[in-house]
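Residue numbering restarts at 1 for every chain, and letters A, B, ... go by the order of the sequence lines.
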Amino acid sequence: MLDLAFIREHPDLIKDVARRRNTAVDVDALLAIDADLRATRRSAEDLRAEQNRVNKAIREAGKDKAAREQAIARGRELAAELKELEPRERELDAQLHDLLLYVPNIPDASVPEGAGEDDNVEIKRVGEPRAFAFEPLDHVALMRGANMLDLERGVRVAGSRSYILKGDAVLLELALLQFAMNRVTARGFTALSVPAMAKEFCFIGNSQFPRGRDQTYALPEDELFLVGTAEVAITGMHSGEILREQDLPVKYVAWSPCFRREAGTYGKDTKGIMRVHQFEKVEQYIICRADHEESVQWHEDLLANAEELVQALELPYRVLNICTGDLGDAKVKGYDIECWIPSENRYRETHSDSYFHDYQARRADLRYRGVDGTVRYVHTLNNTALASVRTIIALVENHQQADGTIRVPDALRPYLGGRDTLGAPWR
RNA sequence: GGAGGGAUGGCAGAGUGGUCGAUUGCGGCGGUCUUGAAAACCGCUAGGCGAGAGCCUCGUGGGUUCGAAUCCCACUCCCUCCGCCA
């Protein structure tokens, strides 16, 4: 959410931003409602001010019965007028708030212009895609052969885009999660295990709602929703608080299951487990002071943390600077890390590193008191540390061996009981 | 699932229809004193809208009333007991 005063002063900028971001928002309607609300509120405030004066007069009238009766009569008139005005004031306020949720954030000047994902700009490439001395398999063939994946029965249990990991794949998943948790906590992040379901306000605060509502699983009986990322729960957990500047930055690394409906993606990534409804993720999250330079610094640091993990797993990857047309509404700027997937002969997204300035903080009402006493909205940032299935795909495909087994990168071996190979030879 | 109690500022905790946006304590900030610190003492210290006058906020939303932290209704959350249960 942007500051309403800023929108009032820069309507053309907002319209331009919405166009560049491919997002629809009716700025004129918003400003019309705002003007109407302010006029209505002004009238109501005048009435309330007089009401307060009349109430004081009633108190002070004491035994002067005539003055008291007269003031009460005026009070009755004011109450009647307010009864007309107040429902309208509430209605306009609600409408304004709803529209405000659709106004996107302002991208940083360093965000490339572009219509969609094809216009994202590659900013670095690390590691060489491996030259295989044998015909490499895709993750489905590989994991099936090694008895690590059962797609059919996963679908039987939970429908399309569901899967069952088996055998060494389960150990691999747990190892990866713990590997990520250990590496990031070693950098001073506090480990969290957060609820995988959350109330609506958390999703609004984080900006998943209202626009992404159809991508979220709902539990209507309980007015809860399944989170698509731990980010939702973390944004919600401090909602309404005023933190102390001395306690910033707050750095979390949270593990959670992630649930995604993937509505509207029917033809996409139908093979294997590239796009699934449920996976595990370790997420980095930072709450810091309202300072652009500091946000930028943490954004880079979060990227570096993620790169370090990917490098330790010996996966070739590249980093993209996400263009205006592909950047989520709430983000000021975002980098994606894409890991090399041999069977697709291309890089695929495994991490998403973003900063938001105070956009999420305003929605979630998350502020801090500076050492000088002033209260401001915090800045928030987050980046994936490790997402289970996509990392599993990249790892098994990149580290497959001629006999169908998977080589375990050195950094991961301590989390797999020292094993250097997963699966038994089968090719 | 059943019964009862509760929700007030950063925290604790008064306040049961008008002078209460709110007693007090703790914490925090500033000062006096001190070589420095502690202690003691003094002062300041909720948030939001508004250029300002002023307006709003005592869990949330309605209602009663000239007037609501206070009364009524609904909801949410927390606590205690019972039941069920990983």
Sugar-phosphate, base or nothing in reach of A:Arg367, heavy atoms under 4.0 Å: sugar-phosphate
Under 3.5 Å side-chain donor-acceptor pair for A:Ser354 and A:Lys333: no
Pairwise P distance for B:rC75 and B:rU24, with rounding to whole Å: 38 Å
Gap between atoms CZ and C1', on A:Arg74 and B:rU65 respectively (whole Å): 17 Å
Separation between the C1' atoms of B:rG59 and B:rA69, rounded to whole Å: 12 Å
Atom-to-atom span, CG of A:Asp93 to P of B:rG48 - whole angstrom: 16 Å
CD/A:Glu223: more than 12 non-hydrogen atoms of other groups inside 6.0 Å: no
Minimum-distance nucleotide (side-chain atoms of A:Arg76 versus B:rC66, B:rC77, B:rG47): B:rC66
Counter-base of B:rA86, judged by Watson-Crick or G-U geometry with both distances under 3.5 Å: none
Touch class at under 4.0 angstrom, heavy-atom based, for A:Arg369 against every strand present: sugar-phosphate
Nearest-Å distance for atom pair CG/P, residues A:Asp365 and B:rG47: 12 Å
A:Arg161 and A:Thr270: side chain donor to acceptor below 3.5 Å: no
A:Arg59 CZ - B:rA68 C1' separation (whole Å): 13 Å
Assigned partner base of B:rA3, Watson-Crick or wobble definition, under 3.5 Å: B:rU80
Interatomic distance, A:Glu241 CD vs B:rG9 C1' [rounded to whole Å]: 15 Å
Sugar-phosphate, base or nothing in reach of A:Arg8, heavy atoms under 4.0 Å: sugar-phosphate
Same-atom distance (C1') from B:rC79 to B:rC73, integer angstrom: 24 Å
5′-ward residue of the pair A:Gly75/A:Arg38 relative to RNA chain B: A:Arg38
Donor-acceptor pair between A:Glu173 and A:Ser388 side chains, under 3.5 angstrom: yes
Spacing of A:Arg41 atom CZ relative to B:rG50 atom P, expressed in whole Å: 10 Å
Strand partner of B:rG9, provided both Watson-Crick or wobble distances fall under 3.5 Å: none
A:Leu327 to A:Val332 - nearest heavy-atom pair and separation: CD2-O, 3.8 Å
A:Arg187 NZ/CZ over A:Phe189 ring centroid, <6.0 Å and within 45° of normal: no
Complement of B:rA40, any strand, by Watson-Crick or G-U distances under 3.5 angstrom: B:rU32
Sub-3.5 Å pairs of nitrogen or oxygen atoms, protein against nucleotides 57-63 of chain B:
unit_1, atom_1, unit_2, atom_2, d
B:rG62, OP1, A:Arg90, NE, 2.9

Check: A:Asn206/A:Thr235 side-chain N/O donor and acceptor closer than 3.5 Å: yes
A:Glu60 CD - B:rG67 P separation (whole Å): 18 Å
Distance-only side-chain donor-acceptor flag, A:Asn305 / A:Gln284, under 3.5 Å: yes
Assigned partner base of B:rA22, Watson-Crick or wobble definition, under 3.5 Å: none
Paired nucleotide for B:rA46 [Watson-Crick or G-U wobble; both distances under 3.5 Å]: B:rU57
Exceeds 12 heavy-atom contacts within 6.0 angstrom, atom NZ of A:Lys15: yes
5'-most by nearest nucleotide on RNA chain B - A:Arg42 or A:Arg244: A:Arg244
Whole-Å distance separating the CG atom of A:Leu243 from the P atom of B:rG47: 14 Å
Rounded P spacing from B:rG30 to B:rA39 in Å: 15 Å
All pairs passing side-chain hydrogen bond (donor to acceptor under 3.5 Å, both in side chains) where residues 95-104 of chain A contributes a residue, at least two apart: A:Glu91-A:Gln95
Aromatic ring proximity A:His351/A:Tyr335, centre distance under 6.0 Å: no
Those residues of residues 47-56 of chain A lying under 4.0 Å from RNA chain B by at least one heavy atom: A:Arg48, A:Ala49, A:Gln51, A:Asn52, A:Asn55
Separation between the C1' atoms of B:rC33 and B:rG43, rounded to whole Å: 15 Å
